[in-house]
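Report on one structure; see the data block that follows.
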Amino acid sequence: MANEQDLLSTEIVNRGIESSGPNAGSLTFSVRVRRRLPDFLHSVNLKYVKLGYHYLINHAIYLATVPVLVLVFSAEVGSLSREEIWRKLWEDARYDLATVLSFFAVFVFTLSVYFMSRPRSIYLIDFSCFRPSDDFKVSKEEFIELARKSGKFDEGSLEFQKWILESSGIGDETYIPKSVIASADNCATMKEGRAEASAVMFGALDELFEKTRIRTKDVGVLVVNCSIFNPTPSLSAMIINHYKMRGNILSYNLGGMGCSAGVIAIDLARDMLQSNPNNYAVVVSTEVVGYNWYQGRDRSMLIPNCYFRMGCSAVLLSNRRRDYRRAKYRLEHVVRTHKGADDRSFRCVYQEEDEQGFKGLKVSKDLMEIGGEALKTNITTLGPLVLPFSEQLLFFAALVWRQFFSSGGGGGVPNTKKPYIPDYKQAFEHFCVHAASKGVLNELQRNLELSERNMEASRMTLHRFGNTSSSSIWYELAYLEAKDRVKSGDRIWQLAFGSGFKCNSLVWRSMRRNRKPARSPWLDCIDRYPLQF
C-alpha cells in the first residue's frame, strides 16, 4: 500500500466562481489525485546497467588495448637515448630490411582495416520545422468555442477538455486543422488526411532543400514516420512523386510507432547510410492530427484532442566526409527501449473505437507509471555511454551496494540511505525532452534533477506549438538555436517516448557554433520566451 501511495500526487485546483447550482457565486476548489512517474533512478535494475556496459565494451574495445600498447612502446623507447634510437633504426634498416618492410606493411594493413571497418560518421547538415499559417492558429478559448459550435461534443465533454487545456501547459498560439471541429461533417477522410500531410511535409521539405541547397535527386535514402495516417500510396511515395526523386532511392514509411518514431527513423537512416557510402538521407517526422480527431465522449480518448497539434520536421543526414565542415551536428549514440512484451505497456496508448463507434486513441491511467519504467531502462543503458567516468564509478558502486547489501545492520532492516543519482548535466549541455504534457515534464525534471534552464526548450515548445508528436524534439532544438545557445562541442540529448511502449534517445555533438538561423519557426516570437509560469 505504501508503494502505491508513493506513486500518487495531489494538487489543489482553483476552479473559479461557480456559475450555477446551489454554490452559485462561490469560489470552488477541487483536489486532483493522479499518478506520477515512479522514482526510477531509485529503483534501477542491474541488468540494464549491464546492457550499457556491454554495448560500450563491444564498440570501444580498442580503448583498452591501445593505451597498453602505447605504454609498452613508450617504456621501451624511453630507456634509449636519441642517438641510440637513430643508430638502432639505421642498423635495423641496413641489415634487416625485410623485417622493416614487413613491419611497415603490417602497420599500413592494420590501419587500413581499422579505418575501413569503422562505422562512418553520420552528420546532420541541417533541419527544418514547419510552421503553419496563422489561419490554423487557435487559442484555448477558441478551441472550446469551435468544439461547442461543431455539435460533436456534449457539455460534459467540453468541460473536461477545458479542464485539461487549463493544466496542459499549452499556450494560445498552437495550430490545428479548423475543418476538423468547425464542421458537423466527418472530416477524418483520406482526402483531408492527404491534404494535411501534404501541407506539413512539403512545407518542411521546401525549407530544408532551400537551406541546404541540395538537389532532390541527390537524396539516396528517404525515411518518413507518421503514426496514425498511412495511406496507399505511402507518404514517402507522395514525397517522391512531388519532388520527382530518383528511381533507385531507398524509401521507408514507418507507421503506428507513436511519438518516439522520429528517433527510430533517424536510427534506420543511420543504418542505411552505413551500408551506402557517399549518400544523403532525409528523415521526415510528422503526425496528421485531423485524421484521428476523436468525436465521442470517452474521456480517456478525449485527452489526445487537447494535446496534439500540427507540426512536421525534416532532417538532412550525410555520411560524406567532405560534409564534415558544413555539418551542424554529428550523431554520437542511439539507444532504443521497447516494452511491448508487457501487456500493460502494449495497451497503455491504444487506437480503437468507443461504444458509439468513434475511432480514437485511448490513453491508460497507468501511462505515467509505464513510461517511467521505459525511461528507467533507457537512461540506465545510456548512462555508461555518456556519463563521465567519475559519475559512472559512483553510480555503479552505489547500485552494487544496494543490490547486495539492501538490508541494514541487523534484523533485516531495509537500508533507507538515498542512492546516488547520476548527474546527467555533466554528460549534456542541452536537453530536448519530448513535449508530451506539463505533468510528464514536471516528473522528468524532478527525477533527473534538471534545472529550469535544462527544461526550458521543452516547456516553451509545449506552450508555443503543443505536442507535435515525433517532431517535437526538433522544435526544441530549433528553440536552442534561435536562442544562440548551441556552441561547438556541445552535447545534445533528445529523449522521446510513445506508444508500444517505447523510449528512445539520440545524442548529438555540435560541430560548430550554431548561430541564430535566418529561418526558424521561432523567429518572430523568440524574444518573448522564456515565459515565467
Side-chain angles (χ1 to χ4, degrees), residues 122-134 136 173-175 196-226 235-236 238-240 242-243 245 261-263 265-266 269 280-289 309-318 323 326-331 430 432 434-435 457 460-461 464-486 492 494 496 506 508 510-512 514-526:
I122 304 300
Y123 302 110
L124 190 157
I125 306 301
D126 213 332
F127 68 97
S128 63
C129 297
F130 175 68
R131 176 176 164 175
S133 67
D134 289 346
F136 297 93
E173 295 183 295
T174 59
Y175 305 93
E196 183 182 341
S198 299
V200 297
M201 292 193 308
F202 300 158
L205 285 168
D206 286 346
E207 180 180 331
L208 180 69
F209 291 137
E210 182 179 336
K211 289 165 71 173
T212 58
R213 298 179 181 177
I214 70 161
R215 299 181 306 162
T216 57
K217 291 188 179 296
D218 291 334
V219 178
V221 179
L222 173 65
V223 183
V224 181
N225 70 269
C226 180
L235 297 178
S236 59
M238 288 171 59
I239 293 173
I240 293 170
H242 181 79
Y243 291 101
M245 292 178 164
V263 177
I266 293 288
Y280 288 117
V282 168
V283 177
V284 179
S285 299
T286 188
E287 192 58 76
V288 177
V289 177
R309 297 293 184 265
M310 294 175 67
C312 180
S313 64
V315 181
L316 177 65
L317 302 176
S318 171
D323 286 326
R326 73 165 182 148
K328 281 189 171 184
Y329 306 98
R330 182 178 66 234
L331 183 60
H430 307 288
C432 297
H434 169 49
M460 299 308 111
T461 296
R464 178 62 183 84
F465 294 99
N467 182 343
T468 59
S469 190
S470 56
S471 63
S472 68
I473 55 177
W474 297 105
Y475 284 85
E476 292 161 17
L477 185 54
Y479 177 87
L480 294 171
E481 288 189 353
K483 282 290 185 181
D484 198 17
R485 292 180 184 172
V486 183
I492 299 98
Q494 291 182 314
L506 288 175
W508 303 92
S510 176
M511 305 293 291
R512 53 185 169 87
N514 293 297
R515 299 189 179 277
K516 189 174 181 178
R519 296 191 65 176
S520 169
W522 294 93
L523 280 187
D524 70 333
C525 60
I526 192 64

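Excluded from the calculations below are hydrogen atoms, water molecules and symmetry mates; all remaining heavy atoms, backbone and side chain alike, are included.
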(message) Measuring from atom OG1 of Thr216 to atom CG of Leu205, what distance do you get when rounded to the nearest 0.5 angstrom?
(response) 10.0 Å
(message) Would you compute the distance between atom CZ of Arg515 and atom CZ of Arg485 and round it to the nearest 0.5 angstrom?
(response) 15.5 Å
(request) Measure from the side-chain N and O atoms of Ser471 to the backbone N and O of Thr468, and report whether any donor-acceptor pair falls under 3.5 Å. (result) yes
(request) Might you point out which heavy atoms bring Glu476 and Thr461 nearest each other, and give the distance in Å? (result) CG-OG1, 3.2 Å
(request) Taking the side chain as every heavy atom from C-beta outward, state whether Glu481 and Ser520 have any atom pair closer than 4.5 Å. (result) no
(request) For residues His434 and Ala496, report the shortest heavy-atom separation together with the two atoms involved. (result) CB-CA, 3.8 Å
(request) List for me each residue that meets salt bridge (charged side-chain N to carboxylate O under 4.0 Å, His left out) alongside Asp126, sequence neighbours excluded, and say none if there are none. (result) Lys211, Lys328
(request) Identify the heavy atoms of Pro521 and Arg131 that sit nearest to each other, and give their distance. (result) O-NH1, 3.3 Å
(message) Rounded to the nearest 0.5 Å, what separates atom CG in Leu124 from atom CG in Asn514?
(response) 9.5 Å
(request) Could you pull out the closest heavy-atom pair between Ala327 and Arg512, with the gap in Å? (result) O-NE, 3.3 Å
(request) Kindly indicate whether the side chain of Ser198, heavy atoms from C-beta on, has any atom under 4.5 Å from the side chain of Met238. (result) yes
(message) Donor-acceptor pair, distance only, cut-off 3.5 Å: does the side chain of Arg309 make one with the backbone of Arg464?
(response) no
(request) Quick one: pull up NZ in Lys516 and NZ in Lys483 and give me the separation to the nearest 0.5 Å. (result) 8.5 Å
(message) Can you tell me how the ring of Trp474 sits relative to the ring of Phe127, calling it parallel under 30°, perpendicular over 60° and tilted otherwise?
(response) tilted
(message) With rounding to the nearest 0.5 angstrom, report the OG to CG distance, Ser236 to Leu222.
(response) 6.0 Å
(request) Apply ring pair (Phe, Tyr, Trp, His ring centres under 6.0 Å) to Tyr475 and list each qualifying residue two or more places apart in sequence or on a separate chain. (result) Phe465
(request) Check Ile492 against Cys432 and note the closest heavy-atom contact, atom names and distance. (result) CG2-SG, 4.0 Å
(request) Please round to the nearest 0.5 Å and tell me the distance separating atom CZ of Arg215 and atom OH of Tyr280. (result) 10.5 Å
(message) Restricting to non-hydrogen atoms, name the atom on Ile125 and the atom on Asp323 that form the minimum distance, rounded to 0.1 Å.
(response) CD1-CB, 3.7 Å
(message) So does Ser469 get a backbone contact from the side chain of Glu287, meaning a donor-acceptor N/O pair under 3.5 Å?
(response) no
